[in-house]
Every structure is written in structure tokens, then in C-alpha cells.
Amino acid sequence: DAGVTQSPTHLIKTRGQHVTLRCSPISGHKSVSWYQQVLGQGPQFIFQYYEKEERGRGNFPDRFSARQFPNYSSELNVNALLLGDSALYLCASSLGQALFYEQYFGPGTRLTVT
Amino acid sequence: GEDVEQSLFLSVREGDSSVINCTYTDSSSTYLYWYKQEPGAGLQLLTYIFSNMDMKQDQRLTVLLNKKDKHLSLRIADTQTGDSAIYFCAERQGSQGNLIFGKGTKLSVKP
């Protein structure tokens with residue numbers, strides 16, 4: 001079975017630009033979460049989506065937005081990029097929203113903002 | 001607070017046991033996890049423990065939970081060079097159910 005897939009693998013953008021990152025969950029998983037991992041730190045929660053609705057949001061500015069599609073794939077959008085947005089962006093999928101469902105992570109998208 | 005704390009580095013010799021420690025602050029956490037991250041890769045779920053358990057063993061991995069002290073540990077028996085990676089402790093709690101991670105412990109295994 002395919003795991004969580006993310007695209008692109010790497011991305012270089014300039015300050016002020018916007019970016020769209022994509023995630024496909026494990027087949028059958030209906031919940032997708034996004035995390036930002038800055039170099040040398042643990043991942044920080046950005047969003048959780050379940051059944052196409054936002055179910056949780058971390059402490060990130062409104063420049064960050066996301067959505068989930070009917071096939072449960074998801075996009076993370078970041079507008080007006082800052083140098084500090086450079087990070088590994090991780091997507092995780094789980095069967096559902098309940099706490100007892102494990103979250104499985106994709107390989108991440110490495111975003112560099114110059 | 002929502003801080004999960006881990007020591008940053010651990011170095012062991014191949015064949016020895018490794019013990020990675022973690023403390024968390026939210027006593028309402030229901031599930032606690034250990035993830036492994038190899039260089040340039042995403043996170044691999046290693047194991048987890050439910051808060052009503054004291055211990056969980058899975059092959060070479062043993063997780064110990066001390067709820068009173070909010071202390072979690074991961075023991076890797078017969079550590080191999082392939083175990084070299086960063087290990088993250090994470091708690092999952094609250095209405096959102098998102099994971100809260102520590103900064104990670106970098107495990108180096110010397111041959």
C-alpha cells in the first residue's frame with residue numbers, strides 16, 4: 001500500500017510569493033494534518049482537516065490556509081512568504097479524527113524562501 | 001503549558017541499549033508517541049502507549065510511562081548503526097487531538 005505522498009519534494013521561492021503544497025493521504029484515511037518543522041526543532045501543528053472541514057488550527061498567521069478535497073487529498077497554501085517560512089512541511093493522515101487513530105507522516109516538502 | 005522536553009543528544013556503542021527520555025506537562029494527555037526521523041526524511045511512527053499503561057514492549061523497543069512524574073522513556077535494545085536518527089517524543093491531547101512534539105533526541109551509534 002502506498003503511504004502518504006507529498007509534492008513537490010523541494011521548492012525554492014522568493015519573499016512575498018505564495019506557495020501551494022499538496023498531500024495525498026493513505027487510501028481509506030479521511031483526516032489530514034499539516035505540520036511545519038523548522039531546522040533543529042520538532043514539528044509544529046498547523047491544521048487538521050476531517051471530512052473536508054477544518055477541525056483544528058495551530059498558532060499560525062492567516063497567511064497560512066488549507067483545504068481538503070472530496071477525495072481527501074489536501075493543499076496547504078502560504079501567502080506573502082517570509083524567510084522564516086523556510087521549513088520542512090509535513091502532512092500526516094489518519095483514519096479519523098479520534099485520538100486513538102495513529103497519524104502517519106509523509107516524506108515532507110522542503111520549502112526554501114530566499 | 002504544552003511543552004514536551006527531551007535531551008538533545010545521546011551517543012551509544014553498537015550492541016548497547018539506548019534509553020531516550022522525555023517529559024511532558026499535560027496530565028490529560030491520553031496517547032504518547034515515539035517517532036523516528038532519518039536525515040532528509042519524514043517521521044516514522046515507532047510505537048505509542050496509552051495513558052492507562054505503564055509499559056509496552058515491541059520487539060527491541062520498550063516504552064515506560066510514569067504518569068505521576070509525566071515521564072516517558074524509549075529503550076532500544078541491541079542498538080544498531082541503522083538506529084542512528086532523531087527520535088521525537090509526542091503527546092496527543094485536547095479537543096483538537098494534534099500532536100505536540102519535543103525538539104528531538106539525536107541518537108548516534110558508534111561501531
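Reminder, nothing fancy here: chain letters follow the sequence lines and each chain counts from 1.
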Who wins among A/Q44, A/Q41, A/Q6 for the most heavy-atom pairs under 4.5 Å with chain B? A/Q41
Identify the heavy atoms of A/L90 and B/G42 that sit nearest to each other, and give their distance. CD2-CA, 4.0 Å
Neighbourhood of chain B inside residues 102-114 of chain A, taking heavy atoms under 4.5 Å as contact: A/E102, A/Q103, A/Y104, A/F105, A/G106, A/P107
Which region of B/L45, side chain (C-beta onward) or backbone (N, CA, C, O), has a non-hydrogen atom less than 4.5 Å from a non-hydrogen atom of chain A, or is it both or neither? side chain
Is atom CZ of B/F9 surrounded by more than 12 heavy atoms (other residues, nucleotides or ligands) closer than 6.0 Å? no
Is there any ring-ring contact (aromatic ring centres under 6.0 Å, His included) pair reaching into residues 3-29 of chain A, and which pairs are they, with sequence neighbours excluded? none
Okay, B/Q6 and chain A: the region with an atom under 4.5 Å from a heavy atom over there is neither
Are there over 12 heavy-atom neighbours, none belonging to A/L83, within less than 6.0 Å of that residue's CG? yes
Please name all residues satisfying salt bridge (charged side-chain N to carboxylate O under 4.0 Å, His left out) with A/R15, sequence neighbours left out, ordered by chain then number. none
What part of A/Y50 is in contact with chain B, defined as an atom under 4.5 angstrom from a non-hydrogen atom: side chain, backbone, both or neither? neither
With a sphere of 6.0 Å drawn around CG of A/N71, does it hold more than 12 non-hydrogen atoms of other residues, nucleotides or ligands? yes
Would you indicate whether B/K106, at its atom NZ, is surrounded by more than 12 heavy atoms from other residues, nucleotides or ligands within a distance under 6.0 Å? no
ring-ring contact (aromatic ring centres under 6.0 Å, His included) contacts touching residues 45-90 of chain B (sequence neighbours left out): B/Y31-B/F50, B/Y33-B/Y48
Within the 4.5 Å heavy-atom criterion, are A/Y35 and B/L43 side-chain neighbours or not? no
Please determine whether the number of non-hydrogen atoms from other residues, nucleotides or ligands lying under 6.0 Å from atom CG of B/N52 exceeds 12. yes
Neighbour count above 12 (heavy atom, 6.0 Å) for A/K13 NZ: yes
